[in-house]
Amino acid sequence: MSKLLEKMSTAILEGEAEKMPNLVKKALAEGTSAKEVLENGLLVGMQEVGVRFRAGDMFVPEVLMSAEAMQAAMVVLRPELAASGHKQIGKVVLGTVKGDLHDIGKNLVGMMCEGAGFEVVDIGFNVEPENFIEAIKNHQPEVIGMSAMLTTTMRAMGHTIKAIEEAGLRDRVKIMVGGAPVDAEFAKRIGADGYGSNAPAGAELAQKFVGAA
Amino acid sequence: MSEILVQLSEAIIDGNVEDIVDLTEEALDDGIPAQEVLNKGLMAGMDHVGAEFKAGNMFVPEVLRSAKAMQASMDLLRPILAEAGVKHTGKLLLGTVKGDLHDIGKNLVGMMAEGAGFEVKDLGKDITPDQFVSAIKEYQPDVIGMSALLTTTMRVMGHTIKALEEAGLRDRVKVIVGGAPVTQEFANQIGADGYAPNAASAAELARKLVS
Amino acid sequence: MQVRKNNYTVNMTPTMQVLTENQIEAIYYAALAVLSETGVRVYDKEGWDLAHQGGAVVEDVQADSALVKMPSWMVDKARATLPQRIRVIGTPDGDGKRKYNMDLYKNTMYFGTGSDTPFTIDPYTQVRRRATYKDVRNLAKLAEALPNVDFFMSLGITQDTAVGTYDRWQYLAMLEATNKPINITAVDIEGLKDQLEMAYIRLGGKEEWKKAPCFSLYNEPVSPLSHSEEVIQKLLFCADNDIPIVYTPCPLAGATAPATLAGLMVQALTESLFGIVLSQLRKPGCQVIIGGLMSAMDMQTAVYPYGSPEMALLSAGYTEITKWMRVPEYETAGCSDAKCFDEQACMEAAINISTAAMIGGNMIHDIGYIEQGLCSSPHMLVASDEIISRTKRILRGIPVNADTQALDVLDQVGPGGHFLGHDHTYNRFKTENWRSALTDRQVYADWETSGCKDYQQRVQERMVEILEADAAPLLEPKMYQELRRICELADARHKDEELDVQMFV
Amino acid sequence: MRTNYVANAGVRFNVFSQDQLEEMFNGVLHLLMYTGLDVKHEEARDILAKAGAWVDGERVRLPSYMVKDALRKAPRSFTLWARDGNPKHNIHIGPGRAHFGPGPTCTHFIDPETLERRPYTKADVPLVARLVDALPNIDFCESLGTVGDVHFDLGALYEFAGMFPNTSKPIVAWSYDKYDSAGIHEIAVAEAGGQRAFEQRPNYVHYCEPLSPLVSTFEAIDKLIFAATHRVPLVFTPCPIAGGTAPITGAGIITMGAAESWMGLTLAQTLQPGLPFFMGGVFSAMDMNTMILAYGAPELPLYMAGLTELAHYAGLPLWQTGGCTDSKTFDGQAMIEGAMSVFFSALTSGDLCHDVGYTESAMTGSLFQLCAMDEAIGYSRRIIRGIEVDDDTLAVDVINKVGPNNHYLRQPHTRKYYKSEYFYPKLLDRQDFENWESSGSLTMKQRTVARVRDVLATHKPSQVKPETMQVIEKVLAEAEDRVKDKK
């Protein structure tokens, strides 16, 4: 692996967003392919971040700094990837369901997904089923993530899935759900494709859905 | 059973030191034999106290009150019982071993044993093996009880038992030991006849050993 | 001889202080600054209109919300009419007496449970599962029996009843098993109305409610600085109907609140002050209890810790602020992050109950919570009751007088004696010394003989003993039917909502 | 800029008011002056008589001026030094500082491998010392046991010999008699580099225990005289039991116990003015049914808190008690009792808090209790640090910047504070249920066992000088020689 790619993954690990654009540009200028930059540079760093976080050696604010660094790199890299016809990791649409104003968990999932290289569209909180449907049509995401913090609002996740089915869009997306009162059993019951018990698990799940993990 | 005996045992249970002397006199005046006053009045009360204490429903200060009441009544009964030639349950000799000045546990055992009908001789604390030996010669106890509260002094119980052996007295008495750091295992190790984890079971143990 | 002391101050209890009055004021005035300069977002038009009429600046009006900024004089005005004392009294027993009284003001202290956990620990199998109607009734029965639990909240969501109406069923389950004051939750405004009607029936009329309500309502704005439509509507309804409102945000330092504990308190106070002002605008004298659950995000697991030292410390510090303001306080303790009732649950509860008791919030809730408030544990409830009893012993402090200093007793007993037989001991040992059947103090050999039971096993046995004790039903069959009818009517109104009925169990 | 502004640096806690403290203080002086103590040491009685005490047979009564004079001479602030000079292991005694460590003399020990209760042995000493050395919230060392597998007179010496090379944290040394004391001192002095060097930087504290009620035993006084003449900082710690060997009331037990300590203080300061002196010790209630001294009773933290305030009022550091339990096993009771007592101990800033790791009412030492309490102490220390209030922590600007319904995770303010503001537990688990389940559904007991074993397998304390090892061997050999004819 080239020195530059190594530097890149270290910069990701250290959360040095300001260094990233130059590093990526330099690597591309040296002739490293966009795919290689992504896979052998950026993602290597992010994988290490995941490992360290799970081991309790990295803290949420540090992980978010790494995610920011990843994002900064992706801004430069994304057009290159598109130009080279290389498939991007994917797009995730996230929202907290209708009736629920809690969105810290969802925000965290978003940041973690960005860190994993996803393009994230956050449609906010108190989101009606129709708005989810609209977002699927507009953004063409591979993955939908829904969050609910309250027992009273978690049923809205079921309503939303139903609405997506009725709109004929169910096959076009994978749906993951999460939030304090949710568990795997409930996710299955309402017909979701998966359940993430916490933010990193949500991001991992999204990666699994697109075959990136 | 006569009302007065019931009152006597209740006075024991309540630790009613004020009334027990009058009640004892009343019972004797009624013509109830001293032996019966002891067994059916006082001892019945103390048995109840022992059981309640063991069950965690009565507490040390209350038990001590009961023992005090028992003592007050016994002061009256003892000469009459002696006259009638009634024998004690047994004689118990107690002491905290050399080097140890803690004697609360031992005091409590004494009071419980008195409640159980023993004649108790308390040597006090800081008692050398030699003092135990000469006390046995003097008082002829059936049981001796040794106590130690410190890990540093518990070994002296072993020395004392050795001294008894050397003085040829070991067969004449049963030896029981107790105290916070003492265990059954340790009691076996030093050759004691029994170990009791608390005051109530020490009195019981003494009773078992003489019966 | 002078027997009474003169010019002499006594600590009647130990005293604990996190913040000085100056620090409290710094936080309070910072909150006023946030309320007037940053403002809060209100997702209810009736709410922002009311604020506007009362003098607030309303900006950035959107379809569903508006930014409301309140000048500080509005807070001063609201505090002038805000009650400093609130009473909640439980429901009547067989003789018609309402004996469980919560008199909430500056130095009083009451403990109670938390509410609405999706999961519970089965009392017999000890396995974690979704909570049911029967669980709530069982937990209420425990609360009724435990002497140091003063109020109850539904320690579990009844998930074998309809999702849209579970609040009524929960309330019924609680009324079946306890007469203690209850802090209810409501699914929506309709659920609140139904429960109020149930309370009127249970008390025997609205007049009885006016003497003293038998429940308060838990109402939670969303941090940071957001007040949802539901929350505002419930607040207004409570103001109109003399229901005490617990207006309690749950900010999380570093995530939904500033990372510093002082910053979190500023924000939480801003959120509660908004509730206070709005309630007093709607109806001067409206009864508000503020406080909340405050903790710091665990930056390793990204969870909301309920057993953290920061939670204990924030609860204590915030209680001092509310005492200074003379608003009844809703504190937090008796909860843990442990996933089962283990040594961690006991350690965390021991310390957070200690801090809560030393500071003395008026209503201290969340007893019985484990797993970050997602699971209730009957064991934790029973153990917390005992821990509260322990801390109450410490709260009694060390009185100093001739009698307790016992110089004459010491002189009588002298060196080398003992105090066991002394009247001074006999007369006091039952009140001076704390004991509990759950706490083992046997010597090792006796403990072995009695089966080597550890604390968790003893708690389990005590819990089952209470659950299986015969208890006369608290509700007459006719009363039960009347209350149940309201729940059933609610179910009937919601019966067409798919996925809503029997969603979990 | 704020003016005329008072802030709390940490959490304040008081059991007594100033008036009550003054009354308690004078009660102790009264007791010493009119009731007095039995001092079972002739030389000590002579010394005290010469200094002005009223001696009547064994009974010694102290006029108040003597006690006040001794209090004035005793230092409130001083340092106990790590033997290897590691600044992190030094203990600075002074206002507002609480330190923690195990206690001595349990007969039994929980075997770290089998988890069974068994007699304490020589081989256990280094384990305790190494764990103490590694745990971040344990500040000083005691052995958690009485060595049972050596000659019965040499337990204390083997304890010190086992602890000293295995931790550089200051040790509180218990001994049977002055011969032990001399051996222990020889080892410590060897490492310090001579008596003079030791006096300047003492690396251990000597522990003596008088008897309640109101008796200064021969051994306690004999050891005190040794420590005072060799300038070894001293713990003089009675162990009264309310209702048993002390009045049942809190004010009564504290008054009596303080008098017992101050008899030792007066003698020590007469012999060696300025000797660092800790009053103590374990003040709790008797369980009136099982008759044990209740190490887990709520009275213990309460009475200890009151005693701490009295000590600090009198200008002395305190030998506190906490982290102990009456439970026979590692369970909820052990945690409730241990955690509450360390918490209150931390709140009152009792200077050295011992008995951390005691179970079964001081009969059994447990590394697991010690390790769990390390966590409880860390937890308590976070609480007593209190809440800092200044313009930066009030965060009004940050709140304004973030506004309603947003989050703070990416704020520089969060990045600045998230490590210093929060406590990060080592044993308390905060995972969500699924992660906890998939990582094995471990209870705190299981996690604690794992952590203790991990520390014992990996932690390496700093070594003592090679010469010191030789002195240790020499001292032990001489001691064995001294007792070889005693059975």
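A note on names: the letters A, B, ... follow the listed sequences, proteins ahead of strands, and every chain is numbered from 1.
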(message) Quick check on D:F343 against chain C: is it the side chain, the backbone, both or neither that has a heavy atom closer than 4.5 Å?
(response) side chain

(request) Name the member of C:A338, C:A312, C:A345, C:A296 that forms the most heavy-atom pairs with chain D at distances under 4.5 Å. (result) C:A296

(request) Please state whether the side chain, the backbone, both or neither of D:F344 comes within less than 4.5 Å of a heavy atom of chain C. (result) side chain

(request) Assess whether side chain to side chain contact (heavy atoms under 4.5 Å, CB included) is satisfied between D:Y303 and C:I398, documenting all intermediate values. (result) CA-CA 8 Å; D:Y303 296 168; C:I398 304 176; 4.0 Å; yes

(request) May I ask you to decide if D:I248's main-chain N or O and C:T425's side chain share a donor-acceptor pair within less than 3.5 Å? (result) no

(request) Please look at D:R2 and chain C and tell me whether the side chain, the backbone, both or neither of the residue comes under 4.5 angstrom of a heavy atom of that chain. (result) side chain

(request) Give a yes or no on whether D:E388 atom CD has more than 12 heavy-atom contacts from other residues, nucleotides or ligands under 6.0 Å away. (result) no

(request) Counting only heavy atoms closer than 4.5 Å, note whether D:V398 contacts chain C via side chain, backbone, both or neither. (result) neither

(request) Please examine the side chains of C:D342 and D:M444, heavy atoms only from C-beta on, and report whether any two atoms are closer than 4.5 Å. (result) yes

(request) Against chain D, label C:A253 side chain, backbone, both or neither, depending on which of its atoms sit under 4.5 Å from a heavy atom there. (result) both

(request) Please flag which part of D:I241 lies under 4.5 Å from any non-hydrogen atom of chain C: side chain, backbone, both or neither. (result) neither

(message) Is it the case that over 12 heavy atoms from other parts of the model lie below 6.0 angstrom from the CZ atom of D:R410?
(response) yes

(message) Quick check on the interface: out of D:D432, D:D392, D:I292, who has the most heavy-atom pairs with chain C under 4.5 Å?
(response) D:I292

(request) Go through the atoms of C:L374 and report whether side chain, backbone, both or neither lie under 4.5 Å from a heavy atom of chain D. (result) neither

(message) Looking at chain C, which one of D:H407, D:M256, D:M24 has the largest number of heavy-atom pairs inside 4.5 Å, strictly under?
(response) D:M24

(message) Whether the side chain of C:E348 engages the backbone of C:S308 through a donor-acceptor N/O pair (distance < 3.5 Å, no angle test) should be reported.
(response) no

(message) Quick check on D:L37 against chain C: is it the side chain, the backbone, both or neither that has a heavy atom closer than 4.5 Å?
(response) backbone

(message) Is C:W447 close to chain D through its backbone or its side chain, or both, or neither, when contacts mean heavy atoms under 4.5 Å?
(response) side chain

(request) Just give me the residue among C:H418, C:E21, C:M299, C:K430 that pairs up with chain D most often, heavy atom to heavy atom, under 4.5 Å. (result) C:M299

(request) Using non-hydrogen atoms and a 4.5 Å limit, figure out which bit of D:M363 sits close to chain C: side chain, backbone, both or neither. (result) neither

(message) Between C:R393 and chain D, with a heavy-atom cut-off of 4.5 Å, which part of the residue counts as in contact: side chain, backbone, both or neither?
(response) both

(request) Could you look at C:N7 and say if it's the side chain, the backbone, both or neither that has a heavy atom under 4.5 Å from chain D? (result) backbone

(message) What part of D:Q411 gets within 4.5 angstrom of chain C, counting heavy atoms only: side chain, backbone, both, or neither?
(response) neither

(message) Please classify the contact between D:N4 and chain C as side chain, backbone, both or neither, with a heavy-atom cut-off of under 4.5 Å.
(response) backbone

(message) Pair C:D403, C:R428 - check side chain to side chain contact (heavy atoms under 4.5 Å, CB included), show working.
(response) CA-CA 11 Å; C:D403 184 55; C:R428 288 169 190 76; 2.7 Å; yes

(request) Check the pair C:Q405, D:T255 against side-chain hydrogen bond (donor to acceptor under 3.5 Å, both in side chains), reporting the backbone distance first and the verdict last. (result) CA-CA 7 Å; C:Q405 210 169 8; D:T255 302; 3.1 Å; yes

(message) Which one wins on heavy-atom pair count under 4.5 Å against chain D: C:T355, C:V222, C:V443?
(response) C:T355

(message) Please check if the number of heavy atoms outside C:K392 that lie under 6.0 Å from its NZ is greater than 12.
(response) yes

(message) Between D:R59, D:E58, D:E375, who has the most heavy-atom pairs with chain C when the cutoff is under 4.5 Å?
(response) D:R59

(message) If we define contacts as heavy-atom pairs under 4.5 Å, which of C:L314, C:I387, C:D446 has the most with chain D?
(response) C:I387

(request) For chain D, find which of C:R435, C:M265, C:R41 contributes the most heavy-atom pairs closer than 4.5 angstrom. (result) C:R435

(request) Compute both the distance and the angle, then confirm whether C:R128 meets the cation-pi test with D:F433: under 6.0 Å from the six-membered ring centre, within 45 degrees of the axis. (result) yes

(request) Mark yes or no for whether C:R396, through its side chain, and C:T431, through its backbone, hold a donor-acceptor pair below 3.5 Å. (result) yes

(message) Counting only non-hydrogen atoms closer than 4.5 Å, does C:Q372 touch chain D with its backbone (N, CA, C, O), its side chain (CB onward), both, or neither?
(response) side chain

(message) Taking side chain as everything from C-beta outward and backbone as N, CA, C, O, which of these in C:T38 sits under 4.5 Å from a heavy atom of chain D? Side chain, backbone, both or neither.
(response) both

(request) Check each atom of C:Y29 against the heavy atoms of chain D and say whether the ones under 4.5 Å are side chain, backbone, both or neither. (result) neither

(request) Answer with side chain, backbone, both or neither: which region of C:A30 has an atom nearer than 4.5 Å to a non-hydrogen atom of chain D? (result) both

(message) Measuring only between side-chain heavy atoms, which start at C-beta, is C:I27 closer than 4.5 Å to D:L394?
(response) yes

(message) Less than 4.5 Å to any heavy atom of chain C: does that hold for the side chain of D:R385, its backbone, both, or neither?
(response) neither

(message) Quick check on the interface: out of D:G296, D:G252, D:A395, who has the most heavy-atom pairs with chain C under 4.5 Å?
(response) D:G252

(request) Please state whether the rings of C:F274 and C:H227 are parallel, tilted or perpendicular, taking 30° and 60° as the class boundaries. (result) tilted

(request) Please lay out, stage by stage, how D:S441 and D:W436 fare under the test side-chain hydrogen bond (donor to acceptor under 3.5 Å, both in side chains). (result) CA-CA 5 Å; D:S441 301; D:W436 175 74; 5.8 Å; no

(request) Using the ring-ring contact (aromatic ring centres under 6.0 Å, His included) rule, take C:Y426 and C:H422 through it: C-alpha gap first, then chi angles, then the decisive distance, then the call. (result) CA-CA 6 Å; C:Y426 182 80; C:H422 203 287; over 10 Å; no

(request) Answer with side chain, backbone, both or neither: which region of D:R415 has an atom nearer than 4.5 Å to a non-hydrogen atom of chain C? (result) neither

(message) Pairing donors with acceptors under 3.5 angstrom, does anything connect the side chains of D:E337 and C:Y455?
(response) no

(message) Counting heavy-atom pairs closer than 4.5 Å to chain C, which one of D:E22, D:E23, D:R447 comes out on top?
(response) D:E23

(request) Give the member of C:S226, C:A406, C:S436 that has the highest number of heavy-atom pairs under 4.5 Å with chain D. (result) C:S226

(message) Before you tell me yes or no, could you show the steps for C:T439 and C:E386 under side-chain hydrogen bond (donor to acceptor under 3.5 Å, both in side chains), namely the whole-Å CA-CA distance, both residues' side-chain angles and the distance that decides it to 0.1 Å?
(response) CA-CA 9 Å; C:T439 291; C:E386 197 214 22; 2.5 Å; yes

(message) Please classify the contact of C:M297 with chain D as side chain, backbone, both or neither, using a heavy-atom distance under 4.5 Å.
(response) both

(request) Examine whether an atom of C:E37 lies under 4.5 Å from a heavy atom of chain D, and if so say whether it belongs to the side chain, the backbone or both; otherwise answer neither. (result) backbone

(request) Can you tell which part of D:L347 gets under 4.5 Å to a heavy atom of chain C, answering side chain, backbone, both or neither? (result) side chain

(message) Once ring-ring contact (aromatic ring centres under 6.0 Å, His included) is applied, do any residues pair with D:Y34, and if so which ones, sequence neighbours excluded?
(response) D:H30

(message) Tell me which of these, D:I253, D:D326, D:I383, D:V215, has more heavy-atom pairs under 4.5 Å with chain C than the rest.
(response) D:I383

(request) Please flag which part of C:V303 lies under 4.5 Å from any non-hydrogen atom of chain D: side chain, backbone, both or neither. (result) side chain

(request) Please answer whether the main-chain N or O of D:V6 pairs with a side-chain N or O of C:T20 as donor and acceptor at a distance below 3.5 Å. (result) yes

(request) Keeping the roles fixed (side chain from C:K339, backbone from D:Q431), state whether a donor-acceptor pair exists under 3.5 Å. (result) yes

